[in-house]
Amino acid sequence: MCSSPSAFAGPPDEPPAIEAEELVRQLASEGHLPPGDVEQRIREIRGALAATGTYRQSAAELLLGARIAWRNNPQCVGKFYWKALETRDCREVGLRGGDEAELFEALVEHLRLAWNGGRVRLLLSVFAPAGPERSGLRVWNGQLIRYAGYRQHDGTVVGDPETCELTDAVQQLGWRGEGTEFDVLPLVVQRPGRDPRWFDLPADAVPEVRITHPDYPWFEQLGLRWHAFPTISNQVLELGGLRYTLAPFSAWYTCTEIGARNLSDTNRYDKLPLVARGMGLDTGRDRTLWRDRALLELTAAVLHSYDQAGVSIIDHHFATKQFVRHEEREHRSGRTCPADWSAIVPATSGSTTAVWQRRYEPTRLRPNFTPQPAPWPEGGTGR
Ligand code: ARG
């Protein structure tokens with residue numbers, strides 16, 4: 001389990017030292033480190049790498065580096081706010097006699113802090129990085145809050161089809177859900193070389209929003225809901241030669257992520273037929289554009305419901321306008337703006353937004369947030 005090869009093999013002139021040096025120079029070039037301190041800091045890091053195979057980043061390196069990692073990420077339309085990212089230093093959590101329960105508590109605290117009573121914060125909690133001889137800390141969940149997906153005998157899924165594999169895996173660990181469409185999965189926490197442990201999240205750490213529609217009273221009866229904000233927990237923060245394998249990142253939602261993807265994709269909750277029937281649309285023929293009309297009303301319902309509940313959310317027009325402003329600001333600063341067009345253009349009304357006509361290069365810069373493989377043992381989850 002968790003036997004990904006270490007990024008630290010080899011002498012200190014190997015990638016960690018080179019990447020660390022790059023980071024220090026970048027922070028200096030952006031005005032975060034006096035030029036006179038650069039060589040000294042690089043010597044320090046080289047020394048630590050030679051002696052121990054790893055080094056400890058300063059609080060400033062961690063915070064400013066994480067912000068740049070976000071800025072470099074090509075998948076995110078919300079990067080306009082990169083300078084507002086807050087980091088929480090959890091590097092000591094779960095070490096020195098600490099265990100999975102301590103890690104779990106810190107993750108719950110992350111959710112409470114990010115929630116912030118509905119004014120969702122841009123928050124990254126950074127736990128201890130992988131070491132020279134060991135793979136890193138992991139949670140098995142792709143997001144800290146996600147709904148279970150129960151595969152039925154006839155091949156259909158109750159809940160979120162996205163999490164079927166994880167749901168199988170946690171059931172093999174002994175977890176039992178209630179079997180509803182919106183069962184919150186437990187967190188599965190794993191330390192290197194240890195067995196994973198799962199923990200149910202306390203209700204107050206899982207704020208959710210019930211979806212209602214501003215004009216259709218029947219909408220509420222569909223029983224749709226979603227968690228208040230996303231917290232990506234399966235990406236590794238690659239920073240200055242270190243790999244932070246547990247670094248959950250919370251932000252607010254754009255309404256299309258929920259309305260035009262999570263609740264509507266045919267391989268997710270697939271609710272458009274239900275919405276269209278409520279609207280009295282003819283779903284027998286594509287040409288009635290029932291999908292398009294239902295998609296729009298579902299997205300409008302999401303925006304309305306989050307607003308009513310006092311939970312931060314943005315619409316895709318605002319999000320893409322901010323993205324263009326970000327892009328322009330980056331160019332003025334002499335930087336490129338790496339972006340993946342298909343991730344930046346919203347899932348509905350793409351052509352009505354400012355990013356549609358633009359072209360982007362998904363250049364891979366360091367530091368960055370990158371996906372990591374699912375940590376559960378392969379083949380151990382088939383049922
Ligand atoms: N699309 C993912 C979801 O629906 C979340 C990705 C990150 N989104 C964000 N607004 N930070 O849960």
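Start at 1 and go down the list; that is how both ligands and their atoms are numbered.
In the vicinity of Trp252, heavy-atom distances shorter than 4.0 Å reach the ligand 1 atoms 9 (C), 10 (N), 11 (N). Residue Ala251 has at least one heavy-atom neighbour below 4.0 Å for each of these atoms of ligand 1: 11 (N). Remark: ligand 1 atoms within the under-4.0 Å shell around heavy atoms of Gln143 are 2 (C), 3 (C), 5 (C), 12 (O). Ligand-side atoms of ligand 1 in range of Tyr253: 3 (C), 4 (O), 10 (N), 12 (O), range being under 4.0 angstrom from any heavy atom. The contact set between ligand 1 and Pro230, taken as ligand atoms under 4.0 Å from a residue heavy atom, comprises 5 (C), 8 (N), 9 (C), 10 (N), 11 (N).
The cluster map of Ile, Leu, Val, Met, Phe, Trp and Tyr, joined by side-chain heavy atoms under 4.5 Å apart, puts Phe127 and Leu123 in different clusters. Note on Leu201: it clusters hydrophobically with Phe182, by side-chain heavy-atom contacts below 4.5 Å among ILVMFWY residues.
Considering backbone and side-chain atoms together, Trp226 places no N or O closer than 3.5 Å to any N or O of ligand 1. Looking at Asn262 next to ligand 1, an N or O pair under 3.5 Å apart turns up.
For the ligand labelled ligand 1, residue Arg261 lies outside the 4.0 Å heavy-atom shell.
For the pair Arg261 and Tyr269, the cation-pi test (distance below 6.0 Å, angle within 45°) is failed.
In this structure, the protein non-hydrogen atom closest to atom 8 (N) of ligand 1 is Glu257 OE1, 2.8 Å.
Counting only N and O atoms by type, the side chains of Tyr306 and Gln308 include no donor and acceptor under 3.5 Å apart. In this structure, a donor-acceptor pair under 3.5 Å is present between the side chains of Glu327 and Tyr360.
By the 4.5 Å side-chain criterion applied to Ile, Leu, Val, Met, Phe, Trp and Tyr, Leu63 is assigned to no cluster and stands alone.
Counting heavy atoms closer than 4.0 Å to ligand 1, residue Arg146 contributes side-chain atoms (C-beta onward) but none from N, CA, C or O.
Of the residues Arg25, Arg67, Arg71, the one that meets the salt bridge (Lys or Arg N to Asp or Glu O under 4.0 Å) test with Glu30 is Arg71.
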